[in-house]
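What follows is a set of notes on a single structure, which appears directly below.
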Amino acid sequence: MKKDDDSTEQKTHYRTIWISDVHLGTAGCKADHLTDFLKAHTCDTLYLVGDIIDGWKLTGGWFWPQEHTNVVRKILTKAKRDTQVVYITGNHDEFLRKFVDYRLEVGNIRLLNEAIHITADGRRLLVTHGDFFDVITRYHKWIAMAGDALYENTMRFNYWFNRGRSLLGMRYWSLSAFAKQHVKTAVSVVSTFEDSLAHECRRRKLDGVVCGHIHHAEARKIEGVDYYNCGDWVESCTALAEDQNGNISILRWVQLDHLNQASPKVTPLRKPVPAAA
């Protein structure tokens, strides 16, 4: 009988791990990288901080390769082995929010819209995906969906653009990351989002927040509030981890470049198969 690879590998253990914005069901998801990350790390509590499954994309066309199933299996295996798994809903997996009121708990898996996490050093952190604090996503969903389509097309262009750069011996360059960091409107939206979360923490007398949503890993203070963002598993392959002393750090699992973008471990960017097919 084949042994589970979890039993043979050396692992790093953390008190808590947070991951967000995996977007299972989309071609851009780096599912194999996430599976490797989950194999290499154990934790007492695993937070899935929203947009783990991309319901927006799956309603328009079915895309679900074996690599995506492997991620789900790895999470279920952790829950079976006494890891407390807390699934926080996001805007792309908002279809799950109608089940939150039923207080679903399946084994060690809980489904919530938000949670309060108490760190080893006693800090109280709000854990939320963050879309409730994004004015565009909350009040102008059609704009958010149009922006999501633009983001996907940007990622598809970025893939082939970097294939061309690699043939010229040039390094990987992310168009979407450049836009988020340097385009004035995008910077303003991100800043407003972060300030809104910090304000909510102060209003609720919390010490900080752990969120996702904007696909940019961060760990810093905003006017005395601890702000942590998980990043994503589309472009950055990052997570947050808390050690036994309550210290929280960003884990960068791989540095994406044109080499591993094009490797067999990364699902090629292509259009999903229509649902009717």
Side-chain angles (χ1 to χ4, degrees), residues 12 14-24 26 28-38 40-41 43 45-52 54 71 86-88 90-93 114-115 117 119 123 125-131 133-134 137 148 151 154-155 158 172-183 186-198 201 207-222 225-243 246-257 260-261 266:
T12 303
Y14 289 97
R15 185 174 185 265
T16 314
I17 290 177
W18 294 266
I19 61 174
S20 74
D21 296 276
V22 178
H23 291 278
L24 294 171
T26 69
C29 169
K30 304 299 186 290
D32 254 320
H33 286 315
L34 179 54
T35 299
D36 291 342
F37 173 84
L38 293 172
H41 298 84
C43 56
T45 305
L46 173 64
Y47 284 96
L48 308 175
V49 194
D51 286 6
I52 305 303
D54 198 319
V71 171
V86 183
Y87 195 126
I88 305 295
N91 53 305
H92 281 259
D93 44 23
E114 65 173 41
H117 175 77
T119 63
R123 289 176 296 152
L125 305 179
L126 172 65
V127 184
T128 177
H129 179 64
D131 58 296
F133 301 89
D134 182 342
T137 301
D148 184 66
Y151 176 75
T154 300
M155 289 294 295
N158 201 61
Y172 177 79
W173 183 78
S174 174
L175 175 60
S176 61
F178 175 84
K180 281 187 286 187
Q181 293 174 19
H182 298 282
V183 176
V187 172
S188 176
V189 169
V190 169
S191 178
T192 301
F193 168 81
E194 294 172 341
D195 290 343
S196 296
L197 282 165
C201 289
D207 299 298
V209 60
V210 176
C211 62
H213 188 56
I214 59 173
H215 293 212
H216 181 66
E218 191 84 68
R220 64 188 178 95
K221 280 190 178 290
I222 301 177
V225 173
D226 293 324
Y227 172 83
Y228 301 102
N229 194 299
C230 305
D232 70 283
W233 289 85
V234 176
E235 290 185 87
S236 58
C237 295
T238 55
L240 295 170
E242 177 197 5
D243 65 20
N247 300 310
I248 299 176
S249 58
I250 298 173
L251 303 181
R252 299 186 183 276
W253 182 237
V254 295
Q255 184 66 45
L256 292 178
D257 56 30
N260 56 33
Q261 280 278 348
V266 179

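Between L24 and D54, every side-chain heavy-atom pair lies at or beyond the 4.5 Å cut-off. The shortest side-chain heavy-atom distance between V22 and D51 does not fall under the 4.5 Å cut-off. Residues V234 and D21 have side chains not in contact (no heavy-atom distance under 4.5 Å, counting atoms from C-beta outward).
Looking at residues two or more places apart in sequence or on another chain, you find no side chain to side chain donor-acceptor pair (under 3.5 Å) involving D195. Checked against ring-ring contact (aromatic ring centres under 6.0 Å, His included), Y47 has the following partners two or more places apart in sequence or in another chain: W18, H117. With sequence neighbours left out, the side chain to side chain donor-acceptor pair (under 3.5 Å) criterion links Y14 to no other residue. With sequence neighbours excluded, the residues satisfying salt bridge (Lys or Arg N to Asp or Glu O under 4.0 Å) with R123 are D121, D226. By the ring-ring contact (aromatic ring centres under 6.0 Å, His included) test, Y227 is found to be paired with no residue, residues two or more places apart in sequence or in another chain being considered. Judged as a side chain to side chain donor-acceptor pair (under 3.5 Å), and not counting sequence neighbours, the contacts of T238 are S236.
A distance of 8.5 Å separates NZ of K30 from CG of D232, quoted to the nearest 0.5 Å. Going from atom SG of C211 over to atom NE2 of H129 covers 8.5 Å, rounded to the nearest 0.5 Å. Here the CG atom belonging to L240 is positioned 10.5 Å from the CD atom belonging to E218, to the nearest 0.5 angstrom. Of the inter-residue distances, the one linking I214 atom CD1 with D131 atom CG reads 12.5 Å to the nearest 0.5 angstrom. Interatomic distance, CG of D243 versus OG1 of T16, reported as 9.5 Å (0.5 Å rounding). To the nearest 0.5 angstrom, E194 atom CD is 7.5 Å from N229 atom CG.
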**Study point:** Stepwise side-chain contact (heavy atoms from CB on, under 4.5 Å) check, I248 with L125
**Key:** CA-CA 11 Å; I248 299 176; L125 305 179; 3.6 Å; yes
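V225 and G208 make their closest contact through CG1-CA, 3.7 Å (heavy atoms, listed as atom of the first residue, atom of the second, distance). Annotation for I19 and F37: closest pair CG2-CE2, 4.3 Å, computed over non-hydrogen atoms. G50 approaches D93 most closely through the heavy-atom pair C-OD2, 3.8 Å. A pairwise comparison of heavy atoms in A198 and I222 identifies CB-CG2, 3.8 Å as the closest pair. Across all non-hydrogen atoms, the minimal contact from L251 to A241 is CD1-CB, 3.6 Å. Residue S20 comes nearest to C230 through the heavy atom pair OG-CB, 3.3 Å, listed as atom of the first residue, atom of the second, then distance.
A ring-centre distance under 6.0 Å is found for H41 and W253. The aromatic ring centres of H92 and H213 sit 6.0 Å or more apart.
E114 and T128 share no side-chain donor-acceptor pair at under 3.5 Å.
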